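Worksheet: the structure to be examined is printed underneath.
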4 protein chains.
Amino acid sequence: MIEFRVDTGSGVPPYRQLVHQVEHALRLGQLQVGDRLPTVKEVAKNLVINPNTVLKAYRELEHKGLAKGRPGQGTFIEQGLVGLPAEKQAELRAGLESWLAEAHRAGMDADGIAALVATVLAEFRQEERK
Amino acid sequence: MIEFRVDTGSGVPPYRQLVHQVEHALRLGQLQVGDRLPTVKEVAKNLVINPNTVLKAYRELEHKGLAKGRPGQGTFIEQGLVGLPAEKQAELRAGLESWLAEAHRAGMDADGIAALVATVLAEFRQEERK
Amino acid sequence: MIEFRVDTGSGVPPYRQLVHQVEHALRLGQLQVGDRLPTVKEVAKNLVINPNTVLKAYRELEHKGLAKGRPGQGTFIEQGLVGLPAEKQAELRAGLESWLAEAHRAGMDADGIAALVATVLAEFRQEERK
Amino acid sequence: MIEFRVDTGSGVPPYRQLVHQVEHALRLGQLQVGDRLPTVKEVAKNLVINPNTVLKAYRELEHKGLAKGRPGQGTFIEQGLVGLPAEKQAELRAGLESWLAEAHRAGMDADGIAALVATVLAEFRQEERK
DNA sequence: GTGGTCTAGACCACG
DNA sequence: GTGGTCTAGACCACA
């Protein structure tokens with residue numbers, strides 16, 4: 001079962017963070033078609049946010065065709081997102097994690113790492129756009 | 001001189017994106033104490049956003065003690081952010097870029113990469129918090 | 001609930017006047033941690049100023065850590081400011097008021113009094129700085 | 001010779017602070033008709049502000065008929081402001097200073113005192129307006 | 001309904 | 001010309 005997080009300091013609206021997390025989990029194969037998402041109440045209670053916010057996120061997922069609420073049963077994943085084969089993903093992930101560990105050893109904190117990653121990713125996106 | 005970007009699709013308010021970019025540049029040593037930021041009007045014109053939005057970002061930086069507006073002259077960096085020595089940073093950056101290139105070769109698009117990176121970073125943050 | 005005033009002739013930007021008034025009320029114990037400030041719209045309507053101006057004041061208070069806006073609920077005092085015990089304050093206040101009454105009887109108008117007070121206070125500040 | 005001060009943190013435009021200080025000094029009898037104000041250059045240098053700002057203040061005084069610039073000689077007080085007789089003023093001032101000293105002894109800092117004074121004065125003005 | 005963001009445009013203070 | 005303030009009004013996120 002997916003575990004949601006909300007980072008209130010990031011400026012990203014909470015409901016979008018939830019949507020992103022589902023999308024990411026789908027891409028990474030952590031969520032499969034047919035999986036059940038936690039109930040609105042559970043999420044709202046765990047993250048201390050308003051149930052309406054969770055509902056909005058689930059509706060957004062429904063709108064994108066990724067999930068579907070079944071009254072009385074919960075919300076279920078309807079459709080996956082194309083991603084790389086699991087092995088390749090695991091490989092890449094391992095590579096990234098080892099880089100991260102190295103950065104951490106070198107003395108970078110999470111914010112510093114995030115700054116570096118954001119910069120490099122932004123440049124990559126710009127490259128890709130060409 | 002720092003070059004701002006704004007990603008309208010991310011959900012992060014533009015003025016916060018500007019703040020983040022300055023903070024990142026400070027961490028990465030791309031901005032130094034005493035450097036001048038582009039004028040409010042320049043940024044507004046380049047990014048096609050309202051001057052007030054830029055002003056809001058600069059004001060936020062001022063509140064954080066990172067920059068200071070001097071009427072008639074511009075806005076200047078007041079204080080740096082601790083970061084790693086430039087060489088170490090360059091090294092780490094190279095490592096990250098090579099990982100990124102590998103992921104790209106493997107068939108991942110920017111969104112997929114971002115998803116993976118976000119997930120791994122979030123886990124790292126959770127680790128760090130312990 | 002605090003009652004805001006705005007003096008348009010003073011040259012002090014209205015949003016700063018609001019900030020000052022909250023700070024003063026905190027120092028004087030008229031506002032406590034947890035108290036709710038009037039809503040942005042109420043203040044804007046009462047003082048006949050733009051809601052954005054009020055918002056700017058509340059935002060400034062947030063930056064100073066004194067208040068915090070809770071969407072959908074209002075803006076609340078987060079932190080107090082050290083001040084003297086209420087009795088001592090009341091005593092001092094009485095002393096000041098009696099002096100003021102005397103000055104008034106002697107024929108001074110509010111502006112004259114303000115001039116005298118400003119001068120004496122400025123000298124006091126200079127003394128204190130030593 | 002009057003000694004100007006500028007408090008950059010107060011929000012009051014510097015040029016208005018200068019005007020106020022002249023007016024206050026006139027009310028308090030510290031400046032007399034015929035007295036010479038410091039030159040624009042002197043003030044600008046001492047307070048580290050732009051000469052234009054000082055000029056603007058002097059023009060404002062001229063506009064109010066309080067001072068007059070005599071090319072090549074300086075700026076001179078043209079007209080006084082009605083005030084109380086010097087003895088009465090000195091008496092009141094002494095009273096205020098003794099109150100201030102008491103407040104200080106009681107543990108109030110300049111900001112606390114300013115807060116109290118501002119509040120009491122504001123109420124007094126409201127009374128007077130009736 | 002409450003706070004928050006953005007836009008558009010006017011005006012002021014300062015250099 | 002540069003930063004800073006204010007207004008007016010639209011739209012969004014949240015409770």
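Atoms considered below: every heavy atom in the structure, side chains included; atoms not considered: hydrogens, waters and symmetry mates. Throughout, protein chains are lettered first and strands after them, A, B, ... in sequence-line order, and every chain is numbered starting at 1. Bear in mind the structure is a predicted one, so any value in this text is a computation, not a measurement.
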Exercise for the section: When you get a sec, tell me which of E:dT5, F:dT2, E:dT2 is the closest nucleotide to the side chain of B:K41? Expected result: F:dT2
Handout entry: Side chain of B:P13 (C-beta onward), nearest among F:dT2, F:dC6, E:dT5
Key = E:dT5
Problem - Pair partner, F:dC12 [Watson-Crick or wobble, under 3.5 Å] - result: E:dG3
Fill in the blank from the handout: dist B:Q79:CD -> B:K64:NZ (nearest 0.5 Å) comes out at 11.5 Å
Practice task
Could you tell me whether a side-chain N or O of A:Q17 sits under 3.5 Å from a main-chain N or O of A:V12, the two making a donor and an acceptor?
Solution key: yes
Problem - Distance (rounded to the nearest 0.5 Å) between D:E78 CD and D:R70 CZ - result: 6.5 Å
Practice task
Assign B:E62 to base, sugar-phosphate, or nothing according to its heavy-atom contacts below 4.0 angstrom with the strands shown.
Solution key: sugar-phosphate
Fill in the blank from the handout: Of F:dA13, E:dC6, E:dA13, the nucleotide closest to the side chain of A:Y15 is F:dA13
Fill in the blank from the handout: Winner on side-chain proximity to D:P14, out of F:dG3, F:dC6, E:dA13, is E:dA13
Exercise for the section: Mark yes or no: D:K56 above the aromatic ring of D:Y15, with NZ or CZ under 6.0 Å from the six-membered ring centre and no more than 45 degrees from the axis. Expected result: yes
Problem - Of the listed nucleotides F:dA15, F:dT2, E:dT5, the one nearest the side chain of C:R59 - result: E:dT5
Practice task
Would you mind reading off the distance between B:Q73 atom CD and E:dA13 atom C1', rounded to a whole angstrom?
Solution key: 14 Å
Exercise for the section: Specify the separation, in whole Å, of atom CZ of C:R36 and atom C1' of E:dT2. Expected result: 8 Å
Problem - From F:dA13, E:dT5, E:dG15, nucleotide with atom closest to A:K56 side chain - result: F:dA13
Fill in the blank from the handout: Closest of F:dC6, E:dG15, E:dG3 to the C:T53 side chain is F:dC6
